[in-house]
There are 2 protein chains.
Amino acid sequence: MKKVLITTKLLPEGLNELRKYFEVITPDKDQFTREEILNQITVVDVLLPTFSVQVDKEMIDAGKNLTLIANYGVGYNNIDTYYAREKGIAVTNTPYPVTEPTAEMAFGLLLSVARKITICDRKLREPDGITWGLLQNLGQSVFGKKLGIVGLGRIGKAIARRALSSGMEVVYFNRNKLSEKEERELQVSFVPFDTLLKTADIISISTPLTKETTHLFDKPQFDLMKPNAILINTARGAIVHEKALIDALRNGKIWGAGLDVYEFEPSISEELLAMDQVVLAPHNGTATVDARNEITAYAGMCIIEFFKGNLISVVN
Amino acid sequence: MKKVLITTKLLPEGLNELRKYFEVITPDKDQFTREEILNQITVVDVLLPTFSVQVDKEMIDAGKNLTLIANYGVGYNNIDTYYAREKGIAVTNTPYPVTEPTAEMAFGLLLSVARKITICDRKLREPDGITWGLLQNLGQSVFGKKLGIVGLGRIGKAIARRALSSGMEVVYFNRNKLSEKEERELQVSFVPFDTLLKTADIISISTPLTKETTHLFDKPQFDLMKPNAILINTARGAIVHEKALIDALRNGKIWGAGLDVYEFEPSISEELLAMDQVVLAPHNGTATVDARNEITAYAGMCIIEFFKGNLISVVN
């Protein structure tokens with residue numbers, strides 16, 4: 001029986017199918033240490049890592065029998081996919097079960113910031129409470145506003161669908177412009193990045209983290225944004241220069257932010273934690289029982305099919 | 001010039017048009033006291049009250065020249081519309097500008113509860129912080145779940161639109177079933193109230209407060225609901241027996257709640273304020289600068305048109 005090393009404790013339900021065909025090694029605690037992974041990877045055929053495990057050259061070299069790295073999740077910036085390819089090791093990810101839960105989180109953060117849901121809940125629970133009244137705690141309507149999506153892949157499109165049903169106009173910026181037919185079907189319009197920054201009321205980031213997108217949002221970008229603008233990031237923290245974001249919020253360059261990811265995750269800047277105009281989530285884009293099981297089952301399916309000769313969601 | 005008494009301070013922008021044709025009396029402070037209203041109503045033609053002002057027989061009798069009560073907002077349970085009608089006084093409300101902002105709030109609360117957005121933000125800011133991890137802070141996916149809407153009027157339909165774009169199935173209960181054509185167009189299905197209670201994963205209340213809907217949700221109703229159910233109320237607090245809701249949450253009869261309104265508003269039960277599985281908003285359904293101005297302008301338009309002989313949004 002071939003062996004699969006899973007770096008992190010997952011919900012057992014999603015592993016049922018995989019266990020029928022493979023010997024599965026999982027930690028009893030939350031996650032194996034790097035040393036424990038390096039020790040055990042020597043004898044396994046497949047590694048199933050999560051995003052907090054750095055699968056670098058050293059780890060790949062240690063996997064002497066490794067033929068597949070089946071990543072848990074859609075983002076794989078934690079894996080040296082080029083080196084894996086050089087060594088003939090395939091890398092897969094799990095795009096489909098991640099899409100809708102992440103779009104839900106992005107849209108939930110968007111509404112929570114714009115409509116001041118989280119801040120009002122917190123204030124209501126504080127000893128001083130909150131002042132009720134028609135002119136108190138006013139947020140921004142989302143209806144009739146313009147959403148700018150940076151990176152219109154699966155998740156971006158799922159966010160666009162929600163925004164359109166909420167009465168928003170949707171523009172996007174992408175490496176590749178969609179065909180006009182697809183734009184018409186999705187009811188979205190391509191704009192240059194600077195135009196998106198200057199005209200969008202709400203900006204949502206759904207692009208992968210690459211060299212090109214690292215610090216894509218820095219001081220010059222915040223300077224272009226509208227003073228009422230809200231930034232949503234459910235992609236990867238390092239796409240945003242966190243210090244520049246803090247300055248932009250503090251100086252009123254933008255109005256608010258909803259963040260599920262952080263540049264120095266799991267550490268969050270103290271300044272953000274003290275700000276009322278931000279809503280902060282602990283990388284919870286797919287943090288539901290439903291989604292966790294579906295992602296695990298999908299990664300398992302990629303492994304099972306790989307050894308039947310079917311390459312599913314291979315990214316390298 | 002005819003006189004309009006506005007009980008509560010509103011954003012000035014929305015009053016521009018009204019001031020062209022009417023003498024407008026507004027408070028310098030947040031709201032006139034009941035006594036101040038009773039003193040001034042004697043000389044005005046129009047009263048423009050907000051939902052926290054009780055427009056009862058005594059107040060209506062005091063308005064000797066009153067011909068119109070132009071309510072700010074869509075709910076008018078604060079006004080004795082039957083007595084006003086007896087006295088030949090018309091009552092109008094502002095359904096259109098309220099619809100989308102309230103649906104936004106309902107859907108924002110729904111996502112915030114299901115995806116644990118507000119509770120995670122609060123915990124991240126607490127000294128002990130939060131435990132990060134794949135199996136921590138798991139919420140419920142909304143995608144693929146069933147939404148039950150109680151009261152499918154304008155706001156209910158606007159919520160349904162958002163839910164459908166989020167991959168939810170939508171059922172509803174209403175006094176009057178829609179035509180099959182309209183159900184097909186809206187992609188919603190009528191179910192009896194008990195069926196809705198037993199089968200919906202999330203229930204959203206959008207019905208007016210009347211004698212019939214007071215305590216529509218009480219212990220027997222919570223007993224029928226699914227243990228993973230979430231209740232959203234952006235309509236009126238007294239539709240839900242607050243003590244029964246607290247018991248249902250405490251005993252695990254239901255999973256969570258998102259509330260914008262309360263039975264004893266602006267007072268909120270201490271038990272609710274201490275619960276992690278609820279998200280609480282201070283009657284903020286239309287609390288945006290955009291919406292506040294649009295509601296004010298709409299009420300003003302009802303007044304202007306009324307004296308031209310056009311009855312717009314008359315409810316009695």
Side-chain angles (χ1 to χ4, degrees), chain A residues 8-11 30-31 50 72 100-101 103-105 107-112 114-118 120-125 130-144 161-162 164-167 258 265-266 268 273-274 278-284 287-292, chain B residues 8-11 30-31 50 52 72 100-101 103-105 107-109 111-112 114-118 120-125 130-144 161-162 164-167 258 265-266 268 273-274 278-284 287-292:
Chain A
T8 310
K9 194 193 270 185
L10 304 174
L11 294 178
D30 283 350
Q31 189 162 297
T50 60
Y72 177 102
E100 298 293 340
E104 271 176 18
M105 175 57 74
F107 213 71
L109 288 171
L110 186 165
L111 288 171
S112 192
R115 298 303 306 272
K116 295 200 172 179
I117 292 173
T118 294
C120 284
D121 175 277
R122 192 167 68 247
K123 288 197 170 174
L124 280 169
R125 292 166 191 258
I130 203 169
T131 307
W132 296 58
L134 273 192
L135 302 187
Q136 302 296 327
N137 314 306
L138 296 184
Q140 296 192 46
S141 285
V142 157
F143 187 87
R161 216 177 56 223
R162 288 162 172 81
L164 290 165
S165 81
S166 302
E265 203 169 307
I268 305 179
L273 288 167
V278 298
V279 177
L280 307 171
H283 203 135
N284 265 4
T288 72
V289 175
D290 328 56
R292 293 294 192 228
Chain B
T8 309
K9 194 193 270 184
L10 304 174
L11 294 178
D30 283 350
Q31 188 161 299
T50 61
S52 57
Y72 177 101
E100 299 293 340
E104 271 177 18
M105 175 56 74
F107 213 72
L109 287 171
L111 288 170
S112 192
R115 298 303 306 271
K116 296 200 170 177
I117 292 174
T118 294
C120 284
D121 175 275
R122 191 167 70 246
K123 288 198 170 173
L124 279 169
R125 293 166 190 258
I130 205 170
T131 306
W132 296 58
L134 273 194
L135 303 187
Q136 302 295 328
N137 313 306
L138 297 185
Q140 295 191 46
S141 285
V142 158
F143 187 86
R161 216 177 57 222
R162 289 162 171 81
L164 290 164
S165 81
S166 303
E265 205 170 308
I268 304 178
L273 287 167
V278 298
V279 177
L280 307 170
H283 202 135
N284 264 4
T288 72
V289 175
D290 327 57
R292 293 294 193 227

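Atom set for the values below is all heavy atoms of this structure, side chains included, hydrogens, waters and symmetry mates excluded. In the text below, chain A, chain B and the rest are named by the order of the sequence lines, each starting its count at 1.
- By number of non-hydrogen pairs under 4.5 angstrom with chain B, the leading residue of A:E100, A:E265, A:K123 is A:E100.
- Scanning both residues, B:I268 and B:L273, for their nearest heavy atoms gives O-CD1, 3.8 Å.
- For the pair A:L111 and B:F107, the tightest heavy-atom approach, listed with the atom from each and the gap, is CD1-C, 4.0 Å.
- Per-residue counts of heavy-atom pairs under 4.5 Å with chain B were compared for A:L124, A:L110, A:T8; the largest is that of A:L124.
- Using a 3.5 Å distance cut-off with no hydrogens or angles, the side chains of A:Q140 and B:T288 do not pair a donor with an acceptor.
- The two residues B:R122 and A:D121 have their closest heavy-atom pair at NH1-OD1, 3.0 Å.
- Within the 4.5 Å cutoff, the side chain of B:L280 has heavy atoms near those of the A:R125 side chain.
- Chain B forms more heavy-atom pairs under 4.5 Å with one residue of A:P101, A:G258, A:G139, A:A103 than with any other, namely A:G139.
- Between the side chains of B:S112 and A:S112, not a single donor N or O lies within less than 3.5 Å of an accepting N or O.
- Looking at B:R292, only its side chain comes within 4.5 Å of chain A, counting heavy atoms on both sides.
- For chain A, the nearby part of B:I130 is the side chain; its heavy atoms alone come within less than 4.5 Å.
- A donor-acceptor pair under 3.5 Å is absent between the side-chain atoms of B:E104 and the main chain of A:S141, judged by distance alone.
- Interface summary for chain A: among B:L135, B:L10, B:L109, the most heavy-atom pairs under 4.5 angstrom belong to B:L135.
- Proximity to chain A (any heavy atom under 4.5 Å) is restricted, for B:A274, to the backbone atoms N, CA, C and O.
- Ranked by heavy-atom pairs under 4.5 Å with chain A, the first of B:H283, B:R162, B:M105, B:K9 is B:R162.
- Contact count against chain B (heavy-atom pairs under 4.5 Å) is highest for A:L11 among A:D30, A:L164, A:L11.
- The two residues B:N284 and A:R115 come nearest to each other via the heavy atoms O-NH2, 2.9 Å.
- Of the atoms belonging to B:T50, it is side-chain heavy atoms, and not backbone ones, that fall under 4.5 Å from chain A.
- Using a 4.5 Å cut-off between heavy atoms, B:L138 touches chain A through backbone and side chain atoms alike.
- Across every non-hydrogen atom of A:N137 and A:T131, the tightest pair is ND2-O, 3.1 Å.
- Interface residue B:A281: only backbone heavy atoms are found under 4.5 Å from chain A.
- Between chain A and the options B:C120, B:G108, B:S166, the largest number of non-hydrogen pairs under 4.5 Å is found for B:S166.
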